[in-house]
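Structure, as structure tokens:
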Amino acid sequence: QVQLVESGGGSVQAGGSLRLSCTASGYTFSSKRVGWFRQAPGKAREGVAAIRSAASMYYADYADSVKGRFTISQDNAKNTVYLQMNNLKPEDTAVYYCAAGPLWRVWYSPDDYDHWGQGTQVTVSS
């Protein structure tokens with residue numbers, strides 16, 4: 001069955017960096033879009049970034065709040081998607097989840113993803 005395992009969360013001060021990893025198994029890696037979502041206490045889960053591949057090209061999408069600070073990438077040989085997070089802000093504090101879903105669905109909607117990881121905590125202090 002499809003499994004997604006996140007790692008790389010932690011605590012950093014504002015301005016710091018973290019890299020999250022999402023390793024997938026149980027399906028052909030390039031056949032699904034992989035997205036990163038986050039959920040802060042009392043808030044709805046929101047899309048942060050997503051990536052898909054087609055014909056050796058990679059297509060990434062980002063939420064406006066993270067553009068220029070976060071970079072999503074994909075290593076097909078390792079079945080892993082990374083989220084490099086730079087210049088972190090306290091408002092980035094949340095549990096971060098990776099998810100996999102069909103290529104044709106909306107990238108930022110949690111409802112359009114079928115499989116989820118367990119989540120990893122990111123805490124940014126001011």
Side-chain angles (χ1 to χ4, degrees):
Q1 71 276 23
V2 175
Q3 286 191 318
L4 301 169
V5 179
E6 301 104 331
S7 62
S11 298
V12 295
Q13 290 191 324
S17 299
L18 285 172
R19 188 176 80 157
L20 305 183
S21 300
C22 172
T23 300
S25 61
Y27 70 96
T28 301
F29 189 57
S30 59
S31 68
K32 294 184 183 291
R33 185 196 309 271
V34 174
W36 283 99
F37 291 79
R38 65 187 180 187
Q39 188 165 20
K43 294 189 175 182
R45 191 169 295 188
E46 63 172 353
V48 175
I51 190 167
R52 60 183 175 90
S53 62
S56 300
M57 297 288 290
Y58 296 93
Y59 300 90
D61 295 284
Y62 297 94
D64 288 343
S65 59
V66 306
K67 281 181 181 176
R69 301 189 297 124
F70 291 12
T71 302
I72 191 169
S73 61
Q74 179 172 323
D75 186 335
N76 287 345
K78 296 182 178 181
N79 283 8
T80 299
V81 170
Y82 303 98
L83 185 68
Q84 177 67 45
M85 305 185 295
N86 297 328
N87 190 22
L88 283 160
K89 304 176 180 180
E91 51 264 43
D92 295 318
T93 295
V95 178
Y96 283 70
Y97 300 89
C98 71
L103 296 171
W104 58 88
R105 291 185 182 170
V106 175
W107 78 265
Y108 52 82
S109 171
D111 292 340
D112 285 338
Y113 288 78
D114 303 316
H115 308 284
W116 292 83
Q118 81 285 357
T120 185
Q121 177 70 45
V122 171
T123 303
V124 185
S125 58
S126 58

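Just so you know, residue 1 is the first one in the sequence shown, and it goes up from there.
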Problem set entry | side-chain contact (heavy atoms from CB on, under 4.5 Å) assessment of Tyr59 paired with Leu103 | CA-CA 11 Å; Tyr59 300 90; Leu103 296 171; over 6 Å; no
Non-hydrogen atoms of [X] and [Y] that approach each other most closely:
X     : Y      : value
Pro90 : Ser126 : CG-CB, 3.9 Å
Val34 : Cys22  : CG1-SG, 4.4 Å
Ile72 : Ala60  : CG2-CB, 3.6 Å

Transitive ILVMFWY side-chain link [X] to [Y], under 4.5 Å:
X      : Y      : value
Val48  : Tyr62  : yes
Tyr108 : Leu83  : no
Val66  : Val106 : no
Val95  : Tyr113 : yes
Phe29  : Ile51  : yes

Problem set entry | Inter- and intrachain pairs under salt bridge (Lys or Arg N to Asp or Glu O under 4.0 Å), touching residues 68-90, at least two apart |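 For residues 68-90, and leaving out neighbouring residues, the salt bridge (Lys or Arg N to Asp or Glu O under 4.0 Å) pairs sorted by first residue read Arg69-Asp92.
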Exercise. Any salt bridge (Lys or Arg N to Asp or Glu O under 4.0 Å) pairs touching residues 97-113, not counting sequence neighbours?
Worked result: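 Salt bridge (Lys or Arg N to Asp or Glu O under 4.0 Å) check on residues 97-113 returns Arg105-Asp114.
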Exercise. Passes side-chain contact (heavy atoms from CB on, under 4.5 Å), Tyr96 versus Glu6? Steps please.
Worked result: CA-CA 8 Å; Tyr96 283 70; Glu6 301 104 331; over 6 Å; no
Problem set entry | More than 12 heavy atoms from other groups under 6.0 Å of CD on Gln13 |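 No.
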For this session: Could you tell me whether the side chain of Ser65 reaches within less than 4.5 Å of the side chain of Arg38, counting heavy atoms only?
Result: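 Yes. Closest side-chain heavy atoms under 4.5 Å.
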Exercise. Are any non-hydrogen side-chain atoms of Met85 and Val124 less than 4.5 angstrom apart?
Worked result: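 Result no, sub-4.5 Å side-chain heavy-atom pair not found.
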Give, for atom [atom1] of [X] and atom [atom2] of [Y], the distance between the pair rounded to the nearest 0.5 Å.
X     : Y      : atom1 : atom2 : result
Leu20 : Gln84  : CG    : CD    : 9.0 Å
Ser17 : Asn87  : OG    : CG    : 8.0 Å
Ser7  : Gln118 : OG    : CD    : 8.5 Å

For this session: In sequence, state the C-alpha distance, the side-chain angles, and the governing distance for Trp36 and Val81, and then conclude on side-chain contact (heavy atoms from CB on, under 4.5 Å).
Result: CA-CA 9 Å; Trp36 283 99; Val81 170; 3.6 Å; yes
For this session: Name all pairs fulfilling the side chain to side chain donor-acceptor pair (under 3.5 Å) condition that reach into residues 22-35, sequence neighbours left out, sorted by first residue then second.
Result: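 Every side chain to side chain donor-acceptor pair (under 3.5 Å) pair that includes a residue of residues 22-35, provided the two are not neighbours, is Thr23-Thr80.
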For this session: Could you check Phe70 against Leu88 for side-chain contact (heavy atoms from CB on, under 4.5 Å), going step by step and ending with a plain yes or no?
Result: CA-CA 9 Å; Phe70 291 12; Leu88 283 160; 3.8 Å; yes
For this session: Using the ring of Tyr82 (Phe, Tyr or Trp, six-membered ring only), decide whether Arg19 places NZ or CZ under 6.0 Å from its centre and within 45 degrees of its axis.
Result: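 Cation-pi check for Arg19 and Tyr82: passes.
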